[in-house]
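These notes concern the structure reproduced below.
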Amino acid sequence: MSAPADMPEKAYDHSQIELKWHTRWENADFYKAAKDSAKPKFYVLEMLPYPSGTLHIGHIRNYAIGDALARYKWMRGYNVLHPMGWDAFGLPAENAAIANQVPPREWTLRNIAAMKKTHRRFAFSYDWDREIATCEPEYYRWNQWFFLQMFRRGLAYRKKALVNWCPKCATVLANEQVVEGCCWRHDDTPVEQRALEQWFLKITDYADQLLDDMAQLEGGWPERVLAMQRNWIGRSEGTEVDFGLSDGGPISGPPIHVFTTRVDTIYGATCVILAPEHPLNERLLDASGVARAKAMVDTRAGRDPGDIEKEGFFTGRFAVNPYSGEKVPVWVGNFVLMGYGTGAIMAVPAHDERDFEFCTKYGIPVRPVIRPVDGPLEADPRQAFTEDGVVENSGEWSSLPSAEARGKMSAYAEQQGFGKAAVTYRIKDWGISRQRYWGTPIPIIHCPACGVVPVPEDQLPVVLPGHVEITGTGRSPLEQVPEFVNVVCPCCGAPARRETDTMDTFIDSSWYFYRYCDPHNDRMPFDPAEVAYWFEIDQYIGGVEHAILHLIYSRFFTKVMRDIGLVRNSEPARRLFTQGMVIAEGAKMSKSKGNVVGADMLAERFGADTARMFVLFAAPPEKEVDWRNEGAEGIYRFLGRVYRFVTRNLGRDDFPPPGEADRRVIRKLHQTLKKITGDFETRWHFNTCISSIMELVNVLYAEERDISSEAMCTVVEHLALMLAPFAPYVSQEIWDENGNEGPVFKQPWPSFDPELAKEDLAEIVVQVNGKLRGRIHMSFGTSEPELAAAAKADEKVRPFLEGKQVVKTIAVLDKLVNFVVR
RNA sequence: GCGGGCGUGGCGAAAUUGGCAGACGCGCUGGAUUUAGGUUCCAGUUCCCGCAAGGGAGUGGAGGUUCAAGUCCUCUCGCCCGCACCA
């Protein structure tokens with residue numbers, strides 16, 4: 001049916017509608033959160049952005065998901081906390097400073113202002129009174145405070161260590177920030193190893209807790225993220241064994257510590273291999289050997305381990321297997337990692353693939369000591385047998401199963417004093433020193449007399465100086481600022497030097513969500529009572545790229561804060577949702593490709609409502625979305641369809657009296673409500689929520705001239721309410737045009753009536769041998785035999801039964817009849 | 001190699017508990033409105049045969065369980081993501 005010609009219909013003008021409400025909402029405080037014991041609380045949080053200067057469609061997707069949920073929860077009567085802030089420290093600001101001669105602070109604040117404007121344009125429902133920017137002293141003083149608490153507890157410490165150095169960033173990186181041997185921000189730049197005095201946080205003290213507490217997250221966090229964290233922590237149980245050094249005479253000097261998960265194979269160890277960086281090499285090797293070892297380290301840097309052939313050389317020295325007393329040669333091998341276990345291994349070529357490859361290359365003997373449970377010992381193996389089995393040729397341990405042997409042999413080592421059961425972790429302590437300007441100063445003073453002295457808490461914050469020359473070369477820019485560096489020692493008053501390293505910016509984001517609970521507190525990082533009310537975060541939403549960076553650091557911080565007594569929870573977020581990426585026209589968005597879909601362009605061309613709604617419509621939120629302009633135009637058309645429908649029906653005076661059409665429309669309305677409500681409560685498939693609203697609108701178009709004034713009013717009102725979480729502007733406009741008052745997204749969420757949602761008759765699918773042959777309509781609750789009888793009588797079905805014998809009849813209440821015929 | 005996930009029309013997808021495969025949207029085709037284009041409205045659109053009524057095939061592939069499988073089981077192929085010489 002075409003649009004009635006006599007009705008004035010308004011064209012959908014997104015810019016006019018959005019501007020109108022944007023102006024009216026500017027100073028409204030709809031989203032302010034405050035403690036309220038009368039309502040259940042709900043803390044919904046999207047990961048805070050880095051203020052790069054512009055929002056793109058990927059951000060919009062993240063916020064659109066959070067916003068839909070926040071608005072829904074408000075409408076369901078929850079007391080919602082929905083804050084936003086800025087991860088404002090970091091290198092791009094310094095790079096911009098070098099490129100454009102703009103101070104990092106100025107550049108950052110300008111970007112924040114621009115992005116906040118875009119945020120507001122999209123009408124995301126944040127409590128802006130709780131906004132934080134991590135580069136402000138009011139915020140980062142608490143980074144310093146946390147650092148001091150950790151320092152006091154021995155959780156922050158300084159050591160000289162080989163660290164990852166990115167030449168492009170001119171700073172150190174944490175292990176988590178090294179991706180395939182390269183810098184996480186420069187995937188073409190291999191990291192170098194440098195020995196530097198660095199500050200570390202002892203995340204390894206919490207390794208077991210980080211692992212064990214994942215049980216609490218099971219079900220609420222994506223399995224993939226938990227798996228990645230488990231993998232990253234890399235807990236591995238085994239045995240540490242000491243091989244004493246001996247060159248024929250008595251054992252002398254410190255032993256070589258070896259870590260193995262397979263002590264049951266130790267009688268098959270035919271050599272000991274040291275990592276090329278192993279400190280013992282200095283003692284065991286002559287000058288040319290040391291040089292060879294160093295060359296190995298250098299050729300390994302930044303390369304894919306799979307591409308490097310195993311190489312090594314004999315040190316000329318021997319070590320003694322403490323179980324067998326056997327003397328085995330000591331080698332240096334390029335495949336032995338200093339960073340894992342003890343940096344030294346025993347090589348058991350018969351039972352380890354890597355050892356097999358190495359030993360056969362150099363003619364080192366292969367000696368099998370494990371036989372399969374159901375077979376004999378392989379005398380001359382062609383490949384390593386790496387499974388558990390039965391121990392053989394191993395003195396008193398022979399004929400024990402592998403697992404049992406491991407337990408007994410570990411205990412024996414401990415009893416004899418040459419080893420012990422041990423657990424190693426892949427995760428290392430978190431290196432937080434950065435030789436950069438735009439970060440939190442580490443609150444430490446180096447005094448020639450007193451050593452490393454923490455800045456007293458009442459002298460916090462240690463403020464970042466404002467005018468600093470940033471050249472991007474050489475050492476930390478802060479070293480060039482005498483008034484920052486030169487201080488007096490808080491202990492003895494003598495001249496001293498301030499620490500010039502700044503903190504990794506992941507410190508900032510490790511606890512920011514607690515600050516939102518009490519953002520203006522100047523006596524503490526936050527009032528524990530506020531946090532106790534709002535925590536845990538009920539729903540955290542962000543990209544999966546933070547699975548082992550931000551998300552593991554912030555879990556660690558929460559546990560430390562709990563141990564300090566600031567919080568009661570052990571985990572920050574009960575539920576985590578990782579949304580899929582947005583790509584543009586089939587290609588990953590990137591600046592270099594020039595295909596970044598910017599948020600302001602979208603607001604201009606399609607409107608905020610359309611842009612938000614399309615990213616929710618294009619795919620379920622966990623999946624990748626391909627942004628396509630034609631797709632967005634579909635949503636634009638749909639919103640226009642809704643808007644025109646509402647406006648052309650509002651002033652009508654020719655409505656028919658209530659009738660059958662009313663029942664059909666109201667039924668569809670309640671079916672739609674049921675579907676959307678169910679999705680918000682469980683799986684968030686907003687794409688199907690939106691498509692169900694489209695179905696409703698299609699029905700409205702079909703029934704437009706046949707429904708009563710009352711039905712029209714009800715349905716328009718509900719349309720506005722259902723669209724409110726997805727498209728706040730146009731739903732508010734409809735709400736308003738319909739004569740309703742107040743903000744639509746602060747109305748109670750409409751409840752659906754299951755009776756009204758129900759069809760009059762059940763549609764029964766009739767199958768013959770599993771093939772669809774007809775449909776019949778019967779009252780709900782009709783008994784199975786009656787269904788079968790009616791189905792058999794159906795004229796579409798009958799031909800398929802004629803001349804056949806019905807051997808079985810399956811009838812399912814209100815659903816289906818299936819005849820099995822022969 | 002280990003871990004996590006995914007394969008359904010021309011495209012994005014839907015099918016929530018084993019019960020009508022392809023909802024909804026894009027694109028395309030046709031019609032109406034329009035001087036025309038665009039907009040809007042209506043209809044059609046998995047593939048094959050057929051004017052149609054209708055029939056057959058069909059969810060990466062091969063088997064299996066079942067009255068009934070996109071959904072469960074076994075094997076297999078392909079793709080994506082994460083980790084990876086971790087002793």
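Order of the sequence lines fixes the chain letters, A, B, ..., with proteins taken first and strands second; residue numbering starts at 1 for each chain.
With respect to Glu802(A) and Lys804(A), no salt bridge is recorded, no charged nitrogen being found less than 4.0 Å from a carboxylate O. Between Glu703(A) and Lys668(A) there is no salt bridge, since no side-chain nitrogen of the basic residue lies less than 4.0 Å from a carboxylate oxygen of the acidic one. Salt-bridge check for Asp794(A) with Arg798(A): failed, with every basic side-chain N at 4.0 Å or more from each acidic carboxylate O. The residues Arg605(A) and Glu633(A) are annotated as salt-bridged, a charged nitrogen and a carboxylate oxygen being separated by less than 4.0 angstrom.
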Anything under 3.5 Å between a protein N or O and an N or O of nucleotides 16-20 of chain B, put it in a table, one pair a line.
unit_1  : atom_1 : unit_2    : atom_2 : d
rU16(B) : O4     : Lys675(A) : NZ     : 3.3
rC20(B) : O2     : Arg775(A) : NH1    : 2.1
rC20(B) : O2     : Arg775(A) : NH2    : 3.1
rC20(B) : N3     : Glu763(A) : OE1    : 3.3
rC20(B) : N3     : Arg775(A) : NH1    : 3.0
rC20(B) : N4     : Glu763(A) : OE1    : 2.9

Show each protein N/O and nucleotides 7-12 of chain B N/O combination with a separation under 3.5 Å, one pair to a line.
unit_1  : atom_1 : unit_2    : atom_2 : d
rG12(B) : O2'    : Ala618(A) : O      : 2.6

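Glycosidic conformation at rG58(B) (O4'-C1'-N9-C4 for purines, O4'-C1'-N1-C2 for pyrimidines): anti, more than 90° from 0.
Put simply, Lys310(A) has no side-chain N or O that comes within less than 4.0 Å of OP1 or OP2 on rC85(B). For rC41(B), the OP1/OP2 oxygens have a side-chain nitrogen or oxygen of Arg641(A) closer than 4.0 Å. Using a 4.0 Å cut-off, some side-chain N or O of Arg637(A) falls inside it from OP1 or OP2 of rG27(B). A close approach under 4.0 Å does not occur between any side-chain nitrogen or oxygen of Arg230(A) and OP1 or OP2 of rG4(B).
Residue contacts for Asn687(A): at a heavy-atom cut-off of 4.0 Å it reaches the sugar-phosphate backbone alone, with no base atom in range. Residue Asn698(A) is classed as a sugar-phosphate contact, given heavy-atom separations below 4.0 Å to backbone atoms only.
Applying the ring-ring contact (aromatic ring centres under 6.0 Å, His included) rule to Phe335(A) yields the partners Phe358(A); only residues at least two apart in sequence or on another chain are considered. Shown here are the salt bridge (charged side-chain N to carboxylate O under 4.0 Å, His left out) partners of Asp264(A), two or more places apart in sequence or in another chain: Arg262(A), Arg406(A).
With 3.5 Å as the limit, one finds no donor-acceptor pair spanning the side chains of Thr677(A) and Asp679(A).
Among pairs with a residue in residues 809-822 of chain A, none fulfils side chain to side chain donor-acceptor pair (under 3.5 Å), at least two apart in sequence or across chains.
Less than 4.0 Å separates RNA chain B from at least one heavy atom of each of the following residues of residues 330-337 of chain A: Phe335(A), Val336(A), Leu337(A).
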